[in-house]
Every structure is written in structure tokens, then in C-alpha cells.
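For ligands, and for the atoms within them, numbers begin at 1 and follow the listed sequence.
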Amino acid sequence: MTNKKGLCLILNLILILSCKPINNDAPVRETILLKEGWSFKKGHFPEAKAINFDDSSWEQVNVPHDWAIYGPFDKTIDLQTVAISQNQETEASEKTGRTGALPYIGEGWYRNTFSLPELNADKRVILQFDGAMSEPEIFINGVKVGEWKYGYAYFYFDITNYVKPKNNLLAVKLNNREKSSRWYPGAGLYRNVKLIVKNKEHITQWGQFITTPVITDKQAKVNIKTKVTGKNLSLVSTIYDASGQRIVEHESSTTFNDEFDQNLSVPQPKLWSPEQPYLYTAVSQLYHGDELKDEIKSTFGIRSIEFNPDEGFLLNGKVIKFKGVCLHHDLGPLGAAVNKSALRRQLAILKDLGANAIRSSHNMPSIEQLELCDEMGFLFLAESFDEWKKPKVENGYHLYFDEYAEKDITNLVRATRNHPSIVMWSSGNEVPDQWGSEGVKRAKWLQHIFHREDPTRPVTVGMDQVEAVMASGFGAIMDIPGLNYRVNLYDEAYERFPQGMILGSETASTVSSRGVYKFPVEKGAMKQYKDLQSSSYDLEYCSWSNLPEDDFILQDDKPWVIGEFVWTGFDYLGEPTPYDEYWPSRSSYFGISDLAGLPKDRYYLYRSRWNTTDETLHILPHWNWEGREGQNTPVFVYTNYNSAELFLNGVSQGVRSKTKNGTPQERYRLMWMDVKYQPGTLKVIAFNEDGQPAAQKTITTSGKAKQIILEPNVKTLKANGEDLAFVTVSVVDDNGIPCPTASHQLQFSVEGAGQFRAACNGDPTSLALFHKPTMQLFNGQLVVIVSSSKTAGDIHLTVQGDQLTPATITLTSE
Ligand code: GAL
């Protein structure tokens, strides 16, 4: 080994070749994704763990899979008669749609077979789940190998003693209890399942931790700690830059407590940031003598984080505020089944919005989402729990807290700590343990587990019981105090907490339905209307929450507020506040974008301050108000410009300028409250700092809808059977003007190298099934999702509807 190493150092090229496994035929580590070949059935089938059980009549599915998203929606599913104490309710009432009204409750079984041809006495086999909803029990060849509880946790078992080379049966039982969630959790094997086959001398599962403790312009110190199993081993770690160039290599043969501790110097490091998400790769090779025994590849970024009371949060030495959104894990019409192209599309939308951060509320994020945040440049607040020991819902995490909290946090940190995007952990959200001294001890204990596993990142909790946590000391012990809402208590909390900063861990919870406008235009809490929609004039919120501007003011005027995470970036299934008690509301109204990912008006309000590189100039409402002629129809403009003039059919409606001397809304929106509606054209001309016209925008009353328009988010897909294109469908009149109130029933058909996957119109009250190739437009728009197949070629999507000229779009799959 030493000789070979010497040679490697001298002859660079030969080194790279000679350091490859000696036996190239047998890979030292194999990872097998168990995606295909699964049989699934919902129900109680204890005999399904047996090898000879006949599952030939079961449904054939691919994993990730969400058994509940195919519906149907049903009011009686998970009907809860409860008082939601976080919503300040004191009396119980019947809640429908709280968890999405989709059939996720009950048992479900998955079966698959796999072979391990290279298996011998020197091999070890790991079975890993990135999450399984929920209470998974795992059987191999009829024998139970283990179980877990929390549906969001990553976990694995060593199944070496249970497997043989051919035809192993893997059976997984899942069970979702009623009243176990406050939102739609999904159901089944909704994240990846993988087998890892490695040698008995190996790098421990999630055993590598890469940090960058010293960074200067000249060099970065990259510390790589690697846990191993076996004796007389040496470890060669090599760092490559983003173009695959080898930068530096280090070999060690000494371990401390079975851990190698290596320091490598990267000259002139390129730092990771949201603007330039530069990634390096470390390859670590484990040798026994001259024989390569294991090899892993870890992607990492070189970046520094610091939270200090004088400046707040610093990334690479520069102060940066969190312009963040909270996200639940469901992907709207795709349910909880993780899909990388759907996640990529979400992040592309959030990039355009100008967001720089995501909070995985209120649980562990998918690994795929973290990989994308590393690549695309998002800061990440990775959360763990919505409950500790005190319940929010009858069958929530409190049932498992004592036994599992430490294991779940340990796995969260170990599985994800090399992601540069993660800059903070959260041990909980609005946990009822905020009350009482036991809660303070639990907060301290959980924070300690995070610190033990990762001394480099701070821990927060989203706190809503601000008075209680100020009194008890709960808030004072947190690394970073996070406040959920309670804008009126920020000042006091800042004074009383010792940390010198406040994070808006959850903000706004403003409600709106895309394209819906209510009159008169008035600010109000918990407003309800007969059609179960909320107004997109963006003036409606919940009894515990507020409008976006209340947070903007804190962000802008208090340097010690280190940013915010808006509730939420996208609408999600379940929690249909303010219509928790009204059927058929079954998804949220909180999103900046709707359930289909289409921007609501609020999108442009956030964009006008978050996206500092692109112009925002957005007019609302739409201008199709037949029957409102002569009536007051306020017009709002969301823009990054400070002032603008509005014209209706060429007649000036006056100039408006943003001002600090008015309402919070007048500081951030331009509002013409007394425009009398008449059909025609609204034009806004925005002025630059010198008062010169800088940009303009018009919207026009449309005629009858005639033509269907299709706009895909991508034109080329990967022919892998899971890549997706999201096609926005809208309708225009004879003159090409969008029809904002159209509600036509449309039909979708896909031909060629792809399939229709799902559709969604963003209407929180729609009970139409997402996977049927027909749906009604909601306020003129919907989204059709097309999936690639495994064959390359053209994919043709055709959309038609009565009295409309159909449209076809061709995508390419390669
Ligand atoms: C918060 C809670 C979120 C969500 C939100 C709705 O209190 O943390 O999960 O329920 O309210 O406004």
C-alpha cells in the first residue's frame, strides 16, 4: 500500500488508475434502489409476510408510492371532533378535511423479491428506508427484522443474517392511525427503499461527517471524520472540484474509536452560497493492506455559518436574512410520493420568487429535496417533530417520543449533516411542552442530542406560546429563538431572551384562493364566504396570524430579526383553515402558490421584495367583472418600484407611492381603492427613483374563451419513467387575451413516449381525482403533469374542451 501510494503521488495519472479496486469485477459496495416490482394491497394481511403467500392479485406499483393520493376524497375520513388548541379554540367542533380527506388510514402491505448474487460470508447487507408512512414492520423471508414508528424518520437494519443469494422476500407492513396528523401525511413507501451490500470491513452507514472549520481566500481546511468497521485499515480520501478535477488526497492509517480524522487543504476554495452553490466531492476509499474494501462518495460545500448577537446570521462572513418558506412534504396531486423533478420545479418557482431558504415543516425532509437545495442554492432549516411528549392529536408522535426521539434525531443528523444547505436544525414546532418545567428539560435534552451529533449548527424551536417560554426559560435556552407569528411580542422577546436575535420561524399564514376576489375589499381575520374561498386581495388571515407586511416591517426595521419562513410556499393537502369545519374544503389556503404550483397574487408581493435582480410589476384583480360596472373595484399593484400611475381605458386614476406614513399595506403595495369598474384595459406605469417611467403593464377584459394554451416548465425529459413535465393550461379569447374566470371541463390525452400522470387546478374545494385525465379549469388555469416512460421519443399532450380549439404540445424524452 505504501509503495503504491508513493507511486501515486509521483505519477498522478497512474495513481488514479492504480487506486481503483484491485478486483474490478466485484464492486466493493453496491447500492440497489428497490423501485420496481412491488406488489401492494391495502388492508390487514398478516400472512403476507410468508414466502409462499400468493400476492398475484395485488396491485403492481413502483416505489416511491402513496397509496392514498388516488382517493376518492371522502368527508368521513379522519373526521375529527376536536378543539384545535394551537388555533385558540376552546370548544370541540367537527373538522372535515383536516388530513386531506384521502384514504390514508389503516394497514397496507408491500411485497418485493430481490437477489444478491455476490453474497458470501464476507458481505454485509443493509436495508435502508428514507421514510415509511407509518409504523413500518419489516420482514425478510418470513422473519421480522425490525420495526420503526415515525413515518418521516430515516432508518436502516443490518439484514445480513436474514438474506440468501437468490429470491429473498421483503414484506413491509405499514399502519396509519386515525387522528395521528394535523395535515395530509401520505401513506405507504413514499420515499426510497434501498439495499446496500458491502464488505465486512466497511465505512459505517452514515458514518462520514465533513466540515470546513477554517476558510480563508487562500485555503480551506476540510475535516473528514469517517467511522469504520474492521481492523488494520487505512483510508484514502480525495477531494474533487465541481468539474471532476482532483484537488487533494490524504491517507491515514490511525483511527480513534474506529474513526479516521483527516484534514485536507483545498487551495483557493470556491464557497457555497445560494447565489453560487458550488459543490465539491470527497471520495473515501477504505483499504485493508492493498485491498480496497469500501468506497463512498460525499458531496459537500465549503461555507461558514455564524449566528451572533451583533449581526445576526452570517454566511461566509456576510450578513444574510432568511427569505424563507415553510413547506409540507406533499407534492399536491402527486401526494407524498417523493419525485425529484416535482421538487426541482418547486425550487425553480421559489428561485424566481427570490426565496433563499426552506423549512421542512414539521418533519425530516426528503434526501432528494436536500440534494436539490445543495445544487440549486437554498438555505435549509431541517425540522424533526410537531409533537414531543404532550399531544396535539390523539395518536401523534407523543406515543413514541420516549422511545424514539433520540434515535430519530440521531438518524436525521447523521443522514443529512454533509448537506451544505442545512444551516440550522429544529427540534420542534409549537410543541405543547412549551408549558411547564418538564418541557424546558426536554428542549435542553433534544438540543443536546443535536449538538452531540453535530457541533457545527444551532438548534431552534418554532415557539408560539411566547409568554410561557419567556417565563419558563424555555426560550432562553434555545440556540436560536424562533417565533411563530406573535408579531406584537417580538420586541419583548428580544429584550427578555439572551440570544440577541429573533428568527421568524413561521410567519404570515395569510389565506387566499388563486384568482378569487371578494368585495368589499377589507382586512379581516377568519373571513368565510359561501363558496369556501378566500380573497386574493391578500387581506385575510387567521385569528393567530397576520398579513405579510406585519412581518416585512419587523424584517426591515429591526436588525436583530434574522429573517422569516412564511407559512407556506405552496398550498398543501389538509388543514383547510378558515374552513376546517366546512366540507368540501380539503386543502390549505396559506400557499404563496396554489396546490398546482401556480402563483397566487401574493407571489408577486413577496417577489417584489425578495427577488432583487428581476423586475416585478403585477396588477390585481383580473379585469373581467361583468355586472360590476360602475362599482368600486380596488386595484392593487405589487412591484419593486416605489410609485406608479394607473390608467383605466386611458384615464388616469392617479399616482400612488409607497409610504411609511400610512398603513402597513401602504408601505409595500400600491393601492387604488376607488376605481369604478368598466370593461377595458388597466395600465400601470411604474416610475424609477428619478420619477421617470421605467416599466409598464396592462391587463384587459377578455371575451369568450376560444383557444387552449399549453406552457410546459420543461421541453425535454429523461427517459427514465419518472421524469415529469408540468404543463400549465389556460384559455384565451379570439384576441389572445387570457380568460381569468373560465371554468371549462377539459380532457387530456398523452401519446408516444410518456403518460398522463396527474392534473390539479388549485381549487381547495375540488373533489375531482388528480389522476383522472379530465378536470375543470379553476379561474382560467390548471396544470397537467406528464411523465416520461423508459423509452426515448416524442411525447404528445393534447388538451381539449367544449367550444374550445384544442391544443397539442410535443415534448421530447431522451
Ligand atoms: C401554525 C402551525 C402550522 C400551521 C399553521 C397554520 O401554528 O405551526 O403547522 O398549522 O399554524 O396557520
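Between F474 and W388, the ring-plane angle classifies as parallel under the 30° and 60° cut-offs.
For K558 and Y490, the positive end is not near the middle of the six-membered ring at less than 6.0 Å and at most 45° from its axis. Remark: K351 qualifies as a cation-pi partner of F378 under the 6.0 Å distance and 45° angle criteria applied to the six-membered ring. With Y603 as the aromatic partner, K600 does not meet the cation-pi criteria of under 6.0 angstrom to the ring centre and within 45 degrees of the ring axis.
Exactly one residue among K441, R442, K390 makes a side chain to side chain donor-acceptor pair (under 3.5 Å) with D433. That residue is R442.
Protein residues are said to neighbour a ligand when one of their heavy atoms lies under 4.0 Å from it; for ligand 1 these are R182, H362, N429, E430, N484, Y485, E506, S509, W544, W567, E575, F590.
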Listing, residues 559-569 side-chain donor-acceptor contacts under 3.5 Å, not counting sequence neighbours, or none:
| unit_1 | atom_1 | unit_2 | atom_2 | d |
| --- | --- | --- | --- | --- |
| E564 | OE1 | T507 | OG1 | 2.6 |
| W567 | NE1 | Y572 | OH | 2.9 |
| T568 | OG1 | F570 | O | 2.9 |

